[in-house]
Amino acid sequence: MKEALYLHIPGSKELWYRQKLLKDPDTMSYNKGYDINFSGYQKETGCIAFPEQEWADWYARFVGQEPQRFYAYIVREADGTFIGEVNARKDKDAFWYEMGIVLEARYRGKGYGTEALRLLLKHVFEDMNGDAVHNVFEAERISAVETHLSAGFTKYRQESGMLEMMISREQYFRIYGK
């Protein structure tokens, strides 16, 4: 049985959940072992430090910045439980929005990813008037590939083990109507 989800723009006091996601080694395992030049990144675990003293600045940059940026929690409707996060930001050098999705490890493999992507796409295309949504990740992440394909993305390009996937505005409305 598929459970209904919705997107929730968190208040600044709700950033404890983002901190929880970023410091959980199981949730962040997809990020492990890469040479990423990012403040607070821990190569051994994939985790990213997100101390409370950084919350206000981060919040000001990422929340309430539409149409340039969108950030929201994924919430299970039945009980109001936060299960992950989604984001989209306008790429300054391309016509698309770059997107991200992180599901808390214990909620993966339950069909939430596809539904959360659909909600993000709905917001970008219907509320932010986006032209396309793009994501790039390792081609070996089969569940991520399947989730994106299930939400309507197509393979855009593959190079050096990295897969780019995209869905255009036209594809979105052809699939989901309006």
Side-chain angles (χ1 to χ4, degrees), residues 7 18-50 54 58 61-62 65-74 83-125 128-176:
L7 298 182
R18 183 165 204 276
Q19 182 184 54
K20 175 185 173 182
L21 286 175
L22 295 177
K23 75 177 186 180
D24 178 38
D26 289 335
T27 296
M28 299 304 292
S29 63
Y30 72 92
N31 215 24
K32 181 178 173 179
Y34 293 100
D35 291 320
I36 300 173
N37 185 16
F38 189 81
S39 177
Y41 171 70
Q42 301 162 8
K43 185 175 181 176
E44 312 76 44
T45 63
C47 294
I48 300 171
F50 188 53
E54 294 178 7
W58 183 91
R61 281 194 330 269
F62 287 90
Q65 299 300 315
E66 290 183 47
Q68 293 305 310
R69 294 180 188 264
F70 174 71
Y71 177 83
Y73 287 164
I74 306 160
I83 66 166
E85 65 179 16
V86 293
N87 67 77
R89 68 169 177 79
K90 183 72 175 90
D91 187 305
K92 64 181 190 241
D93 299 321
F95 65 93
W96 57 64
Y97 280 85
E98 290 292 345
M99 55 101 8
I101 180 171
V102 176
L103 281 177
E104 194 173 335
R106 65 183 166 156
Y107 298 112
R108 292 181 182 151
K110 301 177 189 299
Y112 292 130
T114 300
E115 185 60 26
L117 275 180
R118 288 178 181 154
L119 290 169
L120 177 63
L121 294 175
K122 179 178 180 9
H123 188 80
V124 171
F125 290 123
M128 295 170 56
N129 202 31
D131 291 323
V133 176
H134 176 267
N135 200 3
V136 60
F137 48 87
E138 301 78 18
E140 66 202 24
R141 290 178 48 205
I142 302 304
S143 62
V145 174
E146 291 173 355
T147 297
H148 282 71
L149 290 171
S150 294
F153 282 75
T154 57
K155 294 178 182 180
Y156 178 66
R157 180 177 23 216
Q158 186 169 344
E159 187 177 323
S160 302
M162 300 302 287
L163 177 62
E164 293 182 56
M165 300 195 78
M166 185 165 25
I167 182 171
S168 70
R169 178 178 188 78
E170 293 76 22
Q171 288 170 308
Y172 170 81
F173 285 111
R174 190 170 42 247
I175 295 167
Y176 297 106

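These figures come from a predicted structure and were not determined experimentally. Numbers here are sequence positions counted from 1.
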Are the side chain of Arg106 and the backbone of Asp26 linked by a donor-acceptor contact shorter than 3.5 Å?
-> no

Contact check, side chains of Phe137 and His148, non-hydrogen atoms, under 4.5 Å = yes

Could you walk me through whether Ser168 and Gln171 pass the side-chain hydrogen bond (donor to acceptor under 3.5 Å, both in side chains) check?
-> CA-CA 5 Å; Ser168 70; Gln171 288 170 308; 3.3 Å; yes

Donor-acceptor pair, Thr27 side chain versus Ala105 backbone, under 3.5 Å?
-> yes

Check: Arg141/Tyr30 side-chain N/O donor and acceptor closer than 3.5 Å = no

Do Met166 and Asn135 come close enough that some side-chain heavy atom pair is under 4.5 Å?
-> no

Specify the closest pair of heavy atoms between Val133 and Val124, including all atoms of both residues, with the distance to one decimal.
-> CG2-CG1, 3.6 Å

Report the distance from atom NZ of Lys92 to atom CD of Gln68, rounding to the nearest 0.5 Å.
-> 11.5 Å

Centroid-centroid under 6.0 Å between Phe62 and Tyr71 rings = no

dist Leu22:CG -> Cys47:SG (nearest 0.5 Å) comes out at 8.0 Å

Are the side chains of Tyr112 and Ile74 in touch, meaning some heavy atoms are under 4.5 Å apart?
-> no

Output all residues satisfying salt bridge (Lys or Arg N to Asp or Glu O under 4.0 Å) with Arg69, sequence neighbours left out; order by chain, then residue number.
-> none

Compare all side-chain heavy atoms of Val86 with those of Met99 and state whether any distance is below 4.5 angstrom.
-> no

Could you tell me whether the side chain of Ile36 reaches within less than 4.5 Å of the side chain of Asn31, counting heavy atoms only?
-> yes

What one should report as the nearest heavy-atom pair of Gln158 and Ala139 is NE2-CB, 3.3 Å

Between atom CZ of Arg169 and atom CG of Leu121, what is the distance when rounded to the nearest 0.5 Å?
-> 12.0 Å

Any salt bridge between Glu164 and Lys155, counting N to O under 4.0 Å?
-> no

Measure the acute angle between the ring planes of Trp96 and Tyr156, then classify it against the limits of 30° and 60° as parallel, tilted or perpendicular.
-> perpendicular

If you round to the nearest 0.5 Å, how far is CD of Gln19 from CG of Leu21?
-> 10.5 Å

If you measure from CD on Glu85 to CG on Leu103, what distance do you get to the nearest 0.5 Å?
-> 10.0 Å

Starting from the C-alpha separation in whole Å, work towards a yes-or-no answer on side-chain hydrogen bond (donor to acceptor under 3.5 Å, both in side chains) for Arg118 and Tyr176.
-> CA-CA 9 Å; Arg118 288 178 181 154; Tyr176 297 106; 3.2 Å; yes

NZ or CZ of Arg18 within 45° of Phe50 ring axis and under 6.0 Å = yes

So, Thr45 and Gln42: side-chain donor and acceptor under 3.5 Å apart, yes or no?
-> yes

Indicate yes or no: at least one non-hydrogen side-chain atom of Phe125 is less than 4.5 angstrom from one of Ile167.
-> yes

Drop me the distance from Leu7's CG to His123's NE2, to the nearest 0.5 angstrom.
-> 8.0 Å

Mind checking whether Tyr97 and His134 have ring centres under 6.0 Å apart?
-> no

Validation row: Arg157, Leu163 side chains within 4.5 angstrom (heavy atoms) | no

May I ask you to test the Leu120-Ile101 pair for a side-chain heavy-atom distance under 4.5 Å?
-> no

